[in-house]
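I have placed the structure first, in the form of structure tokens, so that the comments after it can refer back to it.
Each residue takes its place number in the sequence, starting with 1.
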Amino acid sequence: MAENIAGIVVPDTPLVREATGLVLDAADETIFHHSRRVYLWGSLKAAARGLEVDPELAYVGGLFHDLGLTPAYATKGRRFELDGAEVARTFLLDHGRTEQEARDVWLAIALHTTPEIPLRLAPEVAVVTLGVETDVLGLDLTEITEQQRAEVVAAHPRPDFKNRILKAFYEGMAERPDTTFGTMNDDVLAHFDPSFGRKDFVEVIRNSPWPE
């Protein structure tokens, strides 16, 4: 039977059930509850903005967006966002979704830490960023009523979430610091690791192999 949380339906389909099981097996409760809230917040905001979103695609985007932070899916040579994006793309293609649908969810996850750009792409891309910005940063909370917030948090609690998600970010990226260059993710490493040395974009340009 489909769940209904704050007016948002979690489809009762094989694809959704398998996606849920995959994330439950890979992630701890902080990441799992966060990922479900991302789907719910993003869907609420998309509806408020008049965006029509495929719920299965939005669900996979929300549920898989932080899989790259988990030991089961993390790699060491690329950004964590790409790890989750690749898993989502393969998962959707294996479940009969089109290449374009899988590509949109790939973009949703790959770009979810990149401000502004996802909001100008397909609704299935935008919905993940809308959810992430709500749950992590608290942006535009007024688009979601107090009753809706209460229902979502009752279903998916966020105890000490700010500290827990920062810890999850750090642990998921600490062994691949170079992949955070040019992103906001290097703020997390700098916060937790005093020895972390940020790359300077200006110095990268000045020290490039091009002659003057």
Side-chain angles (χ1 to χ4, degrees), residues 3 5-6 8 10-43 55-95 97 102 105-114 118 124-125 127-138 152-176 179-180 183-185 188-189 191-192:
E3 294 178 81
I5 302 171
I8 299 300
V10 179
D12 184 20
T13 65
L15 184 150
V16 166
R17 289 194 295 271
E18 289 182 38
T20 303
L22 185 152
V23 178
L24 276 171
D25 287 343
D28 63 16
E29 65 176 16
T30 297
I31 293 294
F32 176 73
H33 286 300
H34 163 57
S35 299
R36 289 265 294 193
R37 290 194 306 270
V38 163
Y39 166 71
L40 296 166
W41 301 138
S43 297
E56 285 192 331
L57 298 182
Y59 191 79
V60 172
L63 265 284
F64 286 34
H65 83 279
D66 274 347
L67 272 182
L69 297 174
T70 68
Y73 294 100
T75 64
K76 292 187 177 180
R78 64 186 180 194
R79 291 173 54 166
F80 85 88
E81 301 96 327
L82 295 179
D83 293 337
E86 292 293 339
V87 177
R89 179 181 179 277
T90 300
F91 179 87
L92 288 169
L93 292 175
D94 287 347
H95 284 78
R97 287 300 196 142
V105 176
W106 188 96
L107 286 169
I109 297 172
L111 294 175
H112 81 266
T113 58
T114 302
E124 286 74 22
V125 180
V127 68
V128 175
T129 289
L130 288 172
V132 170
E133 288 180 346
T134 302
D135 206 48
V136 178
L137 304 176
V152 170
V153 173
H156 295 288
R158 32 182 297 144
D160 195 31
F161 175 69
K162 295 177 182 179
N163 290 318
R164 289 186 179 188
I165 197 63
L166 284 170
K167 183 172 182 287
F169 290 156
Y170 176 68
E171 291 178 347
M173 295 184 290
E175 293 188 13
R176 43 179 160 178
T179 68
T180 67
T183 77
M184 64 187 71
N185 296 327
V188 176
L189 297 189
H191 174 81
F192 285 98

If I take atom CZ from residue F169 and atom CZ from residue R164, how far apart are they, to the nearest 0.5 angstrom?
14.5 Å

Over all atoms of both residues, closest heavy-atom pair of V125 and A108
CA-CB, 3.6 Å

Restricting to non-hydrogen atoms, name the atom on L69 and the atom on A168 that form the minimum distance, rounded to 0.1 Å.
CD2-O, 4.1 Å

Are any of the side-chain heavy atoms of L92 and V60 separated by less than 4.5 Å?
yes

Can you check whether G68's main-chain N or O pairs, donor with acceptor, with R79's side chain at less than 3.5 Å?
no

Using side-chain heavy atoms (C-beta onward) and a distance below 4.5 Å, is I31 in contact with I165?
yes

May I ask you to test the V128-Y39 pair for a side-chain heavy-atom distance under 4.5 Å?
no

Could D83 and R176 be called an ion pair, given the rule that one side-chain N must be under 4.0 Å from one carboxylate O?
yes

Is there a side-chain contact between F80 and D66 (heavy atoms, below 4.5 Å)?
yes

Between T134 and L130, the two heavy atoms sitting closest are OG1-O, 2.7 Å

Measuring only between side-chain heavy atoms, which start at C-beta, is V132 closer than 4.5 Å to W41?
no

Classify the angle between the aromatic ring planes of H65 and H112 as parallel (below 30°), tilted (30 to 60°) or perpendicular (above 60°).
perpendicular

Separation between NE2 (H33) and CG (D28), nearest 0.5 Å, reads 9.5 Å

Lys/Arg N to Asp/Glu carboxylate O, R158 vs E29, below 4.0 Å
no

Under 3.5 Å: donor-acceptor pair, side chain of S43, backbone of L40:
no

Looking only at atom types and distance, does a side-chain atom of T70 sit under 3.5 Å from a main-chain N or O of L67, one as donor and one as acceptor?
yes

Nearest 0.5 Å please: distance from the OG1 atom of T113 over to the CG atom of L111.
8.0 Å

Rounded distance [0.5 Å steps], CZ in R97 versus CG in L57
4.0 Å

How many angstroms lie between CG in L82 and CZ in R89, if you round to the nearest 0.5 Å?
13.0 Å

Distance-minimising heavy-atom pair for F192 and K167
CZ-N, 4.1 Å

Treating R37 as the side-chain partner and H156 as the backbone partner, does any N or O pair qualify as donor plus acceptor under 3.5 Å?
yes

Close side-chain approach of V136 and H34, heavy atoms under 4.5 Å
yes

In the structure I gave you, are the side-chain heavy atoms of Y170 and L189 within less than 4.5 Å of one another anywhere?
yes

Centre of Y59's six-membered ring, under 6.0 Å away, within 45 degrees of the axis: is that where NZ or CZ of R36 sits?
no

Minimum heavy-atom separation for G62 to V38, with atom names?
CA-CG1, 4.0 Å

Side chains of F91 and L15, heavy atoms from C-beta outward: is any pair under 4.5 Å?
yes

At their closest point, which heavy atom of I109 faces which heavy atom of A85, and how far apart are they?
CG2-N, 3.5 Å

